[in-house]
Number of protein chains: 2
Amino acid sequence: MRNSAGTHAGDEPATVGTPPAPVERHGYVLLSPDDFNAGALLGLRTPPPNILIEGDCLEVLSFIESNSVDLIFADPPYNLQLKTKDLRRPNNTLVDGVDDQWDQFTSFEEYDRFTERWLKECRRILSPTGSIWVIGSYHNIFRVGRLLQDTGYWILNDIVYAKKNPMPHFRGVRFTNAHETLIWAKKSEGARKITFNYRALKELNGGKQMRSDWWDLPICGGAERLRDANGNKLHSTQKPEALLERVLLATSGPGDLVLDPFAGTGTTGVVAQRMGRRWIMIEREAAYRELIEGRIARVADNGACERQ
Amino acid sequence: MRNSAGTHAGDEPATVGTPPAPVERHGYVLLSPDDFNAGALLGLRTPPPNILIEGDCLEVLSFIESNSVDLIFADPPYNLQLKTKDLRRPNNTLVDGVDDQWDQFTSFEEYDRFTERWLKECRRILSPTGSIWVIGSYHNIFRVGRLLQDTGYWILNDIVYAKKNPMPHFRGVRFTNAHETLIWAKKSEGARKITFNYRALKELNGGKQMRSDWWDLPICGGAERLRDANGNKLHSTQKPEALLERVLLATSGPGDLVLDPFAGTGTTGVVAQRMGRRWIMIEREAAYRELIEGRIARVADNGACERQ
DNA sequence: AAGAGTTCTGAATCGCTGT
DNA sequence: GACAGCGATTCAGAACTCT
C-alpha cells in the first residue's frame, strides 16, 4: 500500500510534539499515516502547504480538525453493479466498464454504512459557512442524498452534469444515461452566509442567461484524459477540470481550503491549485497518488511560467 | 370528505355479493370507498371501464388485484413544507382543510413511512413486465429513490425534466432550481421484457436515441393550465400533458392499464384516454376529482368529435 | 499542408429462446 | 438453472490514416 516512490515523511517514525519535516514537493507536502499523530492536520485555518495524504478517507478524516475546511468535493464510489459481464457495441467491440475493486460493495446496506461514516466525518470538519458537493449517478445518488439529509446537512440544490458526449445505449432497452447528478449542501439548515459567487458564475457563461442547475459539459477526454503508453485510461472515472472549475468558482474564494476525500486523479487539487485555493486531497491507491503528483507538478510549473 | 356532487354509487350501502351498479360517466366509472368490498377492483386484466376512485391511495391500492397494472405514474407529495394556498372549485367556492392533508409531514421519518407503504402496494399490483415512474424534486426524490431500491424495484433510468423557466427574481444565494427528476424503475432486478417503445422515442428525438438528461417540454400553462375565474392556479403542481404523453408513449401500449395513485388534476388519465390506454386514478380531494371529471369529459367529447 | 475518411472509446446496474 | 445460438443494437469527439 505504500507509495512506491518511498519518499514519505512517515518513513521515519514520528516523534510526539516534534512533527517530522514535511516532504516538500511543488508547493505541497506528502503525508503518510504515521504523520497523523504529530498534529499535522491541526491548525488548518492558518495557511499551511497544500497536502496530499496517503490513506483511507475514513481514517484520515478523523484526524482533521473540526470546522477547518471551507469546501468539500466528494466523488465517492458509485456502487455500479454490472450484471452483464461483456457489454459489446453494435460493431462487436468490447466496452471497458467500471469494474474496479474500489467500486465493489456487497449490498446497499454496506454502501450506506460506508457513506454515512464519511459524510459524518466531512460534516464535522466542514466550516459553518462552507458547503459540500457530492457527485453520483442513479446507482448511488439517491442513497447519498437521503443520508445527507439524515446526517443533518441541508440540501441547497441538485445540479445536473449533462454529458455532451455520453456513451450511447447499445441494447435499446433504456434511455441513454447521459448525465450525472451533483448535490450541493450546507452543514445544517440554520447555517448562514454560505460562500456562493453567483456573479462570477454568471460571467463564466459569457454573461448569457444560463440554466444554472444544468451544466452541459464534455466528458473528460482528449489531452486532459490521463492514459498509459498504450492509450488505456489510467483511471475509470476521471472528472473533467471544467466541472471542478465551476464548483470552485461558485462556492469557494481565493485562499479557501478545499478538501477531496476521494482524490482519484486529483482533478480537484489541480483546479484548486490553478485557482489559488488551498487543498487537501486524500487517496488510498499509490498508483493514483503518483498520477496526482505528476499533474500537480505540471500545474505548478505552468503556473511559474505564467507568473513570469 | 364526500364529493359534493353526491352522485357516487357508494351513497347507497353496498350489498355483499351484489356490486352496486357503477356510475357511468363519459366512458369511466366513479368508485367510492363503499364499493371496494364488492370486488370492483378485481379482474382488471379484462378491459373494464376506466375508473376514478375516491379515497386515500393507501387504502384504495390495497383493494387492487396483484400484477394487474401495466404502468404506474406517481406524482407524490414533495414534502415541500409550503404554505398551501386556498383551493377553489370551478364555481369559485373555497375548499378548506387542504393544508392539513396535502403536503405536510412532520419529519423525514414520517415521509419515509408513507412513501414506503405506497411504493410497496404499487409494487404488488404492478405487472412483471410493467414499470413505474415517480417524479420529484431534491426535497423528496432522494428519499423516494432510496426506498424504490430498498423495496425491491430496480431503477432503469433517472430523467431530468425542465420544470419551468428560471425564476426572474433571483436572490443570489442558490442556483436557480429549474428541473425535476423522474425515476423509471421496473418491478424487480430479474424482471424481463419491460414495455419500452425504443423506436418511437428515437423517432421523437430526431432519429437519435432518447437521452436521460433533459426533457425540455412546454410549460404547463396557457389554456392547458387549470385556473379559477380569477386566473389563480387550481392545483400548484399540475403536470404538463406533454410529459405524460412521452411517458405513456415510451412505456405503455394501446389498451394497457395505467394507474395514477395521486391523480391531482388528472393529467395522467386525460393523456391515457386520448392515447387509448385504460386508466385508474385515485384522488382523495373532492375538489380535485371535480377538476378531473371536467377534463375527462372534455377529452371524451373531443374524442367523439374526432371519431365522427 | 489541408481535407476527407476511418477507427476508437466513454461511471453501463443494456436479450431472448430453446435445450 | 446453465448454456449455446440467434439477433438486434450506437453517438460524439478525438486521434489517426489516406489522398
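A quick note: this is a predicted structure, and the numbers were derived from the prediction, not measured. In what follows, chains carry the letters A, B, and so on, assigned in the order in which the sequence lines appear, proteins first and then strands, with residues in each chain numbered from 1.
At the heavy-atom level, G221(A) lies nowhere under 4.0 Å from the strands shown. Looking at heavy-atom distances under 4.0 Å, Q209(B) makes contact with sugar-phosphate atoms alone, never a base. Counting non-hydrogen atoms under 4.0 angstrom, P240(A) reaches nothing in the nucleic acid. Here I155(B) lies in heavy-atom contact (under 4.0 Å) with a base. Q238(A) comes within 4.0 angstrom of nothing in the nucleic acid, heavy atoms only. Residue contacts for R88(A): at a heavy-atom cut-off of 4.0 Å it reaches no nucleic acid atom on any strand shown. Across all strands shown, N205(B) has no heavy atoms under 4.0 Å from either base or sugar-phosphate atoms. Here D96(A) lies in heavy-atom contact (under 4.0 Å) with sugar-phosphate atoms only. Residue P166(A) is classed as a base contact, given a heavy-atom separation below 4.0 Å to a base. Counting non-hydrogen atoms under 4.0 angstrom, R211(B) reaches nothing in the nucleic acid.
Expressed to the nearest 0.5 Å, how far CH2 of W184(A) lies from CG of L156(A) amounts to 4.5 Å.
In terms of phosphate contacts, K193(B) brings a side-chain nitrogen or oxygen within less than 4.0 Å of OP1 or OP2 of dT17(C). Using a 4.0 Å cut-off, some side-chain N or O of K202(B) falls inside it from OP1 or OP2 of dT10(D). In terms of phosphate contacts, R227(A) brings no side-chain nitrogen or oxygen within less than 4.0 Å of OP1 or OP2 of dA14(D). Residue S236(A) has no polar side-chain atom (N or O) positioned under 4.0 Å from OP1 or OP2 of dA11(C). Between R199(B) and dT9(D) there is a side-chain N or O to OP1 or OP2 distance below 4.0 Å. Close to dG15(C), at under 4.0 Å from its OP1 or OP2, lies no side-chain N or O of Y198(B).
Under 3.5 Å, the side chain of R89(A) and the base of dG10(C) form at least one donor-acceptor pair of N or O atoms. With hydrogens and angles ignored, a donor-acceptor pair closer than 3.5 Å exists between the side chain of K239(A) and the base of dA11(C).
Nucleotide dT13(C) carries a syn base; the chi torsion (O4'-C1'-N9-C4 or O4'-C1'-N1-C2) is within 90° of 0.
Of the candidates dC14(C), dA11(C), dT13(C), dT13(C) carries the atom nearest the H139(A) side chain, counting heavy atoms from C-beta on. Closest to the side chain of K208(B), out of dA11(C), dC11(D), dC14(C), is dC11(D). Of the candidate nucleotides dC11(D), dC14(C), dA11(C), dC11(D) has the atom lying nearest to any side-chain atom of P168(A). Of the candidates dG13(D), dA11(C), dC14(C), dA11(C) carries the atom nearest the W102(A) side chain, counting heavy atoms from C-beta on. Of all nucleotides listed (dT9(D), dG13(D), dA12(C)), dT9(D) comes nearest to the side chain of P90(A). Comparing dA8(D), dT13(C), dA11(C) by their closest approach to the side chain of N177(A) singles out dT13(C).
dT13(C) and dG5(D) are spaced 25 Å apart, taking the C1' atom of each and rounding to whole Å. For the P atoms, the distance linking dA15(D) with dA11(C) amounts to 15 Å, nearest Å.
Between the side-chain ring of H169(A) and the base of dC14(C), a stacking contact exists by the 5.5 Å and 30° definition. You can call W154(B) stacked on the base of dT13(C); the centres are under 5.5 Å apart and the planes sit within 30°.
Atom NZ of K208(B) sits in a sparse spot, with 12 or fewer heavy atoms from other residues, nucleotides or ligands closer than 6.0 Å. By the 6.0 Å contact criterion, NZ on K233(A) is enclosed, its count of non-hydrogen atoms from other residues, nucleotides or ligands being greater than 12.
Across all strands shown, dA2(C) pairs with dT19(D); the Watson-Crick or G-U wobble distances both stay below 3.5 Å. Pairing partner, dA11(C): none, since no Watson-Crick or wobble contact has both distances short of 3.5 Å. Pairing for dT17(C) goes to dA4(D), judged as Watson-Crick or G-U wobble with the two contacts each under 3.5 Å. When Watson-Crick and G-U wobble pairs are counted only if both distances are under 3.5 Å, dT9(D) pairs with no nucleotide at all.
In terms of heavy atoms, E65(B) sits closest to R124(B) at C-NH1, 3.9 Å.
When the nearest nucleotides of DNA chain C are assigned to Y138(A) and I194(B) by heavy-atom distance, the more 5′-ward of the two goes with Y138(A).
Residue N165(A) contributes atom CG, which lies 13 Å from atom C1' of dC8(C) at whole-angstrom precision.
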